[in-house]
Amino acid sequence: MSEEKSLNFLEEIIEADLASGKYKTIATRFPPEPNGYLHMGHASSICLNFGLTQKYPGFTNLRFDDTNPVTEETEYVESIKEDIKWLGFTWKEELYASDYFEQLYEFALKLIQKNLAYVDDSTSEEIAKLKGTPTEPGTDSPYRNRSVEENLQLFEKMKTGEFPDGAKTLRAKIDMKHMNMLMRDPILYRIKHAHHHRTGDKWCIYPMYDFAHGQSDSIENITHSICTLEFVPHRELYDWLIEKLEIFPSHQYEFARRNLTYTVMSKRKLLQLVTDAHVSGWDDPRMPTISGMRRRGFTPESIRNFCEAIGIAKRENMVDIGLLEFYLREHLNSTAQRAMAVLEPLKMVITNYEEGKTEEFLSENGPDESAGTRKLPFSRELWIEQEDFMEVPAKKWFRLAPGAMVRLKSAYIVKCDSFEKDTGGNIKQINCSYFPDSKSGSDNSGLQVKGTIHWVSAAQSLLAEVRLYDRLFKVEDPSSEEGDFKDYINPDSLKIVQAYLEPSLKNVSPQERFQFLRKGYFCVDKDSTPGKLIFNRTTTLKDAWAKEAKKKA
RNA sequence: UGGGUUAUGGUGUAAUGGUAGCACAACAGAUUUUGAUUCUGUUUGUCUAGGUUCGAAUCCUAGUAACCCAACCA
């Protein structure tokens with residue numbers, strides 16, 4: 001119970017800040033840009049930011065970083081809020097960087113008045129040229145020494161829309177020879193005559209990330225502003241602006257983003273998969289988006305446990321997706337209702353079972369007795385899985401084969417007497433005899449069998465579409481491979497089959513999760529209806545036989 | 001020829017000068033009316049080279065490697 005869990009570097013910083021009295025409570029924020037759907041990488045950040053204020057006194061705000069009207073949309077705002085809620089977190093306030101546009105404008109004025117910002121007429125190309133390179137210093141813009149008065153007037157005109165897009169920018173006056181490229185007079189404001197999803201047409205100048213994020217943090221009294229490693233060089237500018245503006249000193253801390261094997265995680269790449277129709281949409285169950293994973297059947301608990309387990313640090317990483325699957329199975333094993341479904345059917349006829357007779361058996365709904373039982377109809381003709389029969393049994397095979405016996409889960413032991421093939425040589429039916437005294441729960445037969453297989457009574461079975469998903473990519477790290485990452489898409493990432501289900505599944509509703517015995521975990525798709533059942537395979541079960549068979553091959 | 005960040009088993013993460021630990025994976029075995037679950041056991045690691053110290057993953061010196069920085073994106 002009281003296992004000592006060591007602290008990650010952020011928890012150490014926070015505990016030190018709390019202990020020293022620097023803060024009595026802490027404040028974090030999750031700052032998505034509403035220009036795409038949230039993915040597993042965001043989940044990591046969400047768990048971190050909200051998790052910290054669950055562990056320590058304080059709160060977490062949800063703040064949309066909406067400073068670029070060209071790419072941002074309300075649709076994304078809604079999906080982001082839904083995903084965070086689904087993951088199980090609650091924000092204190094829902095805020096927008098655009099809420100602060102007026103205040104940010106005042107901040108800019110203050111900087112100009114302190115002669116720490118100026119209006120630059122240079123074109124984008126000229127600015128880039130004068131910026132220098134990481135190894136060569138930049139040179140001052142010819143507009144750098146305008147008077148405070150002139151800057152004030154020009155900035156005002158930028159605001160009132162007197163200039164076209166790109167004609168002028170407001171830049172901080174720092175040092176064009178600075179080692180840190182971001183300190184070479186960074187652009188603070190640019191002109192964009194564009195409609196904003198919240199402020200409409202009120203503004204035609206918009207602050208850049210660096211002039212919005214830290215200031216928003218400060219306005220909200222965020223104590224620990226956590227972001228990913230690529231923002232490390234921004235921290236110097238972040239601190240510079242807070243110092244010159246003389247506002248609440250929020251602090252930025254950086255951690256390494258988590259990478260997952262067999263997938264891609266950048267918005268740009270995910271967008272390509274959607275627009276090029278490699279997947280059906282942002283919520284395609286193969287996507288590493290929160291909405292995709294939800295549709296696939298992942299549970300919030302499993303994602304949270306995974307994020308907790310991988311922790312945070314500052315080093316590069318590539319986390320095995322198998323670990324995520326482990327936490328998925330761990331949670332689903334204890335919560336998913338059991339059911340039987342035959343995915344690739346093969347007919348079994350029990351020749352010594354009376355024609356037209358039906359029996360009902362009880363089968364447990366889960367490993368825990370409290371899950372209860374359900375009824376399964378049994379009759380002369382059943383569907384079993386094709387892969388549970390081998391004409392010529394392999395070594396260590398303990399399923400069906402000519403002359404071999406298995407138990408039908410929760411029912412009788414049967415023995416295979418013969419089988420039939422179609423003209424193409426495919427096995428189309430197997431004929432068995434059952435042992436009446438081997439009935440599940442009252443077995444007096446004395447027979448010992450090694451294998452137990454699942455089955456569905458043919459007459460009472462339900463037909464359903466089952467979508468068998470596999471990993472989206474064939475290689476561990478598609479982004480680091482030669483050529484385009486899309487060349488490494490797994491062509492077998494989706495296989496659709498028509499399956500037979502036990503009748504208890506008749507009235508399932510979307511998002512319900514089941515374990516189909518011996519086949520894996522499945523989730524009812526959002527498009528499923530009682531008239532057309534659709535299940536998504538969330539993940540397979542661990543399969544020791546598959547491993548054994550592979551070893552021999 | 002710049003600046004920044006980071007190096008611990010196959011993967012992720014601990015150890016804050018004192019027995020290199022945990023989880024996943026892998027391997028072996030037990031149990032099992034799911035070849036699942038559960039249980040037991042095993043293998044594998046401190047980037048390199050020097051130095052300080054009774055003692056170094058940890059401190060010092062010099063290397064090496066990876067990633068980030070030259071968007072009016074965030």
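Model, not experiment: these values are computed from the prediction. Residue numbers start from 1 in every chain, and the chains themselves are labelled A, B, ... in the order their sequence lines are given, proteins ahead of strands.
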May I ask you to say what [X] touches in the nucleic acid, namely base, sugar-phosphate or nothing, with a heavy-atom cut-off under 4.0 Å?
{"X": "A:Pro367", "value": "nothing"}
{"X": "A:Gly441", "value": "base"}
{"X": "A:Arg184", "value": "nothing"}
{"X": "A:Ile310", "value": "sugar-phosphate"}
{"X": "A:Ser266", "value": "nothing"}
{"X": "A:His178", "value": "nothing"}
{"X": "A:Ile312", "value": "sugar-phosphate"}
{"X": "A:Trp397", "value": "base"}
{"X": "A:Gln515", "value": "base"}

All N/O pairs under 3.5 Å across the protein-nucleotides 18-21 of chain B interface:
none

Should [X] be listed as having a side-chain N or O under 4.0 Å from OP1 or OP2 of [N]?
{"X": "A:Arg315", "N": "B:rG12", "answer": "no"}
{"X": "A:Thr71", "N": "B:rC73", "answer": "no"}
{"X": "A:Lys192", "N": "B:rC73", "answer": "yes"}
{"X": "A:Arg190", "N": "B:rC73", "answer": "yes"}

Which pairs would a plain distance check flag for residues 322-331 of chain A, meaning a side-chain donor or acceptor within less than 3.5 Å of a matching protein atom at least two apart in sequence or in another chain?
{"from": "A:Arg329", "atom 1": "NE", "to": "A:Thr540", "atom 2": "O", "distance (Å)": "2.7"}
{"from": "A:Arg329", "atom 1": "NH2", "to": "A:Thr539", "atom 2": "OG1", "distance (Å)": "3.3"}
{"from": "A:Arg329", "atom 1": "NH2", "to": "A:Thr540", "atom 2": "O", "distance (Å)": "3.1"}
{"from": "A:His331", "atom 1": "ND1", "to": "A:Thr299", "atom 2": "OG1", "distance (Å)": "2.7"}

Next on the checklist: I'd like to know if A:Glu364 and A:Arg374 make a salt bridge, using a cut-off of under 4.0 Å between side-chain N and carboxylate O.
Outcome noted: no
Item to check | Short N-O contact, A:Lys519 and A:Glu387, less than 4.0 angstrom | outcome: yes
Atom pairs, N/O to N/O, protein against nucleotides 64-68 of chain B, distance under 3.5 Å?
{"from": "B:rC67", "atom 1": "O4'", "to": "A:Glu316", "atom 2": "OE2", "distance (Å)": "2.6"}
{"from": "B:rC67", "atom 1": "O2'", "to": "A:Glu316", "atom 2": "OE2", "distance (Å)": "3.1"}

Pull out every protein N or O sitting under 3.5 Å from an N or O of nucleotides 24-26 of chain B, one pair per line with the distance.
{"from": "B:rA26", "atom 1": "OP1", "to": "A:Lys547", "atom 2": "NZ", "distance (Å)": "2.9"}

Checklist entry - What are the residues of residues 159-169 of chain A, sorted by number, that bring a heavy atom to within less than 4.0 Å of RNA chain B? => result A:Gly166, A:Thr169
Checklist entry - Dot-bracket for RNA chain B: what is it, with Watson-Crick or G-U pairs under 3.5 Å, [ ] where a pair crosses earlier ones, and | for a pair to another strand? => result .((((((..((((....[..)))).(((((.......)))))....(((((..]....))))))))))).....
